2 protein chains.
Amino acid sequence: MKDQNIICPVALTLSLIEGKWKTLILRDLLEGKKRFGELQRSVEGISQKVLTTQLRALEANGIVERIAYAEIPPRVEYQLSPQGQSLHAIIDAMRIWGENYQMLDK
Amino acid sequence: MKDQNIICPVALTLSLIEGKWKTLILRDLLEGKKRFGELQRSVEGISQKVLTTQLRALEANGIVERIAYAEIPPRVEYQLSPQGQSLHAIIDAMRIWGENYQMLDK
DNA sequence: CGGTATCCAGGTCGATACTG
DNA sequence: CAGTATCGACCTGGATACCG
């Protein structure tokens with residue numbers, strides 16, 4: 001957790017969802033529960049290591065929940081926590097803003 | 001502009017406001033027009049070089065406007081563009097979310 | 001299947017010095 | 001006052017190989 005987050009809640013929120021991949025992961029998890037392999041396919045171009053890192057970070061921050069089944073072969077599912085679900089409105093707002101922004105050319 | 005922004009408007013929006021300093025700069029500019037030196041004092045800890053870089057990036061993306069006066073000593077003011085103003089709701093939403101998040105300890 | 005371990009490349013940020 | 005220039009440190013992310 002960065003130092004500035006203490007004084008700037010905006011930076012706090014942002015720190016939880018920023019980065020090259022987190023929004024893409026969240027976008028997919030907003031659709032519902034997903035397995036590790038599913039995420040790796042839907043978040044195109046991400047490596048195993050980085051997907052693991054990002055999911056661990058989201059989990060540590062209470063945004064996603066990890067459910068491991070004791071099976072052979074192993075199965076692990078990820079889903080948004082209630083905290084994560086509550087980001088839905090913000091992500092939607094950013095999506096809409098981004099779509100408008102795109103239409104003004106650039 | 002990153003490649004994924006083409007397919008993910010959320011990532012597009014995020015790319016414009018993320019980073020260690022941009023939210024802090026935007027937070028201050030939401031209050032109104034500011035001079036370079038004012039920003040450097042209110043965004044505590046930022047170096048001249050980085051503040052310049054960040055402002056240039058925000059300007060290039062149409063979020064802030066730069067007004068230089070041909071005076072001695074020089075005077076430069078920065079203010080949000082209409083596009084930048086339209087981020088207000090999103091930044092507010094993130095601030096509120098962050099405040100709630102903080103209260104759940106962590 | 002769902003990870004770790006290792007090593008490396010690129011970019012961002014910081015410190016410092018200098019300038020119109 | 002409001003920058004630019006230079007150099008170096010750190011950190012994120014990428015490639016690849018291996019593991020329970």
Side-chain angles (χ1 to χ4, degrees), chain A residues 1-5 7-8 11 14-29 33-61 63-79, chain B residues 1-5 7-8 11 14-29 33-61 63-79:
Chain A
M1 205 73 26
K2 319 257 178 67
D3 11 334
Q4 299 150 317
N5 297 340
I7 50 158
C8 184
L14 208 43
S15 73
L16 302 181
I17 60 177
E18 80 183 344
K20 188 169 176 182
W21 301 109
K22 288 209 189 70
T23 35
L24 299 172
I25 297 170
L26 292 175
R27 181 197 57 185
D28 290 342
L29 288 180
K33 198 183 295 182
K34 290 277 174 73
R35 295 185 59 169
F36 186 90
E38 282 183 283
L39 283 172
Q40 203 180 349
R41 279 186 299 278
S42 58
V43 181
E44 217 167 331
I46 198 170
S47 70
Q48 249 177 355
K49 190 194 79 169
V50 175
L51 179 54
T52 302
T53 311
Q54 301 299 303
L55 286 170
R56 291 280 183 279
L58 291 167
E59 193 190 353
N61 292 324
I63 308 296
V64 311
E65 290 164 356
R66 180 178 186 273
I67 308 157
Y69 299 87
E71 301 175 353
I72 302 292
R75 181 160 61 103
V76 179
E77 290 179 340
Y78 293 90
Q79 65 184 7
Chain B
M1 208 73 29
K2 319 258 177 68
D3 10 336
Q4 299 150 315
N5 298 338
I7 50 160
C8 184
L14 208 42
S15 74
L16 303 180
I17 60 178
E18 79 184 344
K20 188 170 177 182
W21 301 110
K22 288 207 189 73
T23 34
L24 299 173
I25 296 171
L26 291 175
R27 182 197 56 185
D28 291 341
L29 288 180
K33 199 182 293 181
K34 289 277 174 72
R35 295 185 60 168
F36 185 88
E38 283 183 281
L39 283 172
Q40 203 181 349
R41 279 185 299 278
S42 59
V43 181
E44 218 167 329
I46 197 170
S47 71
Q48 251 176 354
K49 191 193 77 170
V50 175
L51 179 54
T52 302
T53 311
Q54 301 299 302
L55 286 170
R56 291 280 182 280
L58 291 167
E59 193 190 354
N61 291 325
I63 308 295
V64 311
E65 291 164 355
R66 179 179 187 273
I67 309 157
Y69 298 87
E71 299 174 356
I72 302 294
R75 182 160 60 102
V76 179
E77 290 178 343
Y78 292 90
Q79 65 184 8

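The structure presented is a predicted model; accordingly, all values stated were derived computationally and were not measured.
- Rounded to an integer number of Å, the gap from CZ of Phe36(A) to P of dG2(C) is 7 Å.
- Interatomic distance, Arg56(B) CZ to Leu51(B) CG, rounded to the nearest 0.5 Å: 9.5 Å.
- Between the CZ atom of Arg56(A) and the C1' atom of dG13(D) there is a distance of 17 Å, given to the nearest Å.
- If you measure from atom CD of Glu59(A) to atom P of dG3(C), you get 9 Å, rounded to the nearest angstrom.
- Considering only side-chain N and O atoms, Arg35(A) lies nowhere under 4.0 angstrom from the phosphate OP1 or OP2 of dC1(C).
- Listed for the Glu18(B) side chain is no donor-acceptor partner under 3.5 Å among the backbone atoms of Leu14(A).
- Contacts of Tyr78(B) with the nucleic acid, taken as non-hydrogen atoms under 4.0 Å apart, involve only primed sugar atoms and P, OP1 or OP2.
- Evaluation of the side-chain contact (heavy atoms from CB on, under 4.5 Å) rule for Arg35(B) yields Glu38(B), Arg75(B), Glu77(B) as partners, not counting sequence neighbours.
- Shortest non-hydrogen contact noted between Tyr78(B) and Arg66(B) is OH-NE, 3.2 Å.
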Passes side-chain contact (heavy atoms from CB on, under 4.5 Å), Ile63(A) versus Leu29(A)? Steps please.
CA-CA 10 Å; Ile63(A) 308 296; Leu29(A) 288 180; over 6 Å; no
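- Axis angle across the helix from dC1(C)-dG20(D) to dG20(C)-dC1(D), with five pairs used at each end and values rounded to 10°: 50°.
- From Lys22(B), atom NZ reaches atom CG of Leu55(B) across 10.0 Å, with rounding to the nearest 0.5 Å.
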Nucleotide by nucleotide, 5' to 3', does protein get under 4.0 Å of the base (B), only the sugar-phosphate (S), or neither (-) in nucleotides 13-20 of chain C, counting heavy atoms?
BBB----B
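- Taking atom CG of Leu51(B) as the reference point, atom C1' of dA2(D) lies 10 Å away to the nearest angstrom.
- Rounded to whole angstrom, the span from the CG atom of Leu24(A) across to the P atom of dT12(D) amounts to 18 Å.
- Between Gln54(A) and Ile25(A) the shortest heavy-atom distance is CB-CD1, 3.6 Å.
- Atom CD in Gln40(A) sits roughly 13 Å away from atom P in dT4(C) (whole-Å rounding).
- Spacing between atom CD1 of Ile72(A) and atom P of dG2(C) amounts to 12 Å, rounded to whole angstrom units.
- Arg27(B) has its side chain within reach of Leu24(B): a pair of non-hydrogen atoms, C-beta onward, lies under 4.5 Å apart.
- Across all non-hydrogen atoms, the minimal contact from Val43(B) to Ile46(B) is O-CG2, 3.2 Å.
- The CD1 atom of Ile25(A) sits 12 Å away from the C1' atom of dG13(D) (whole-angstrom rounding).
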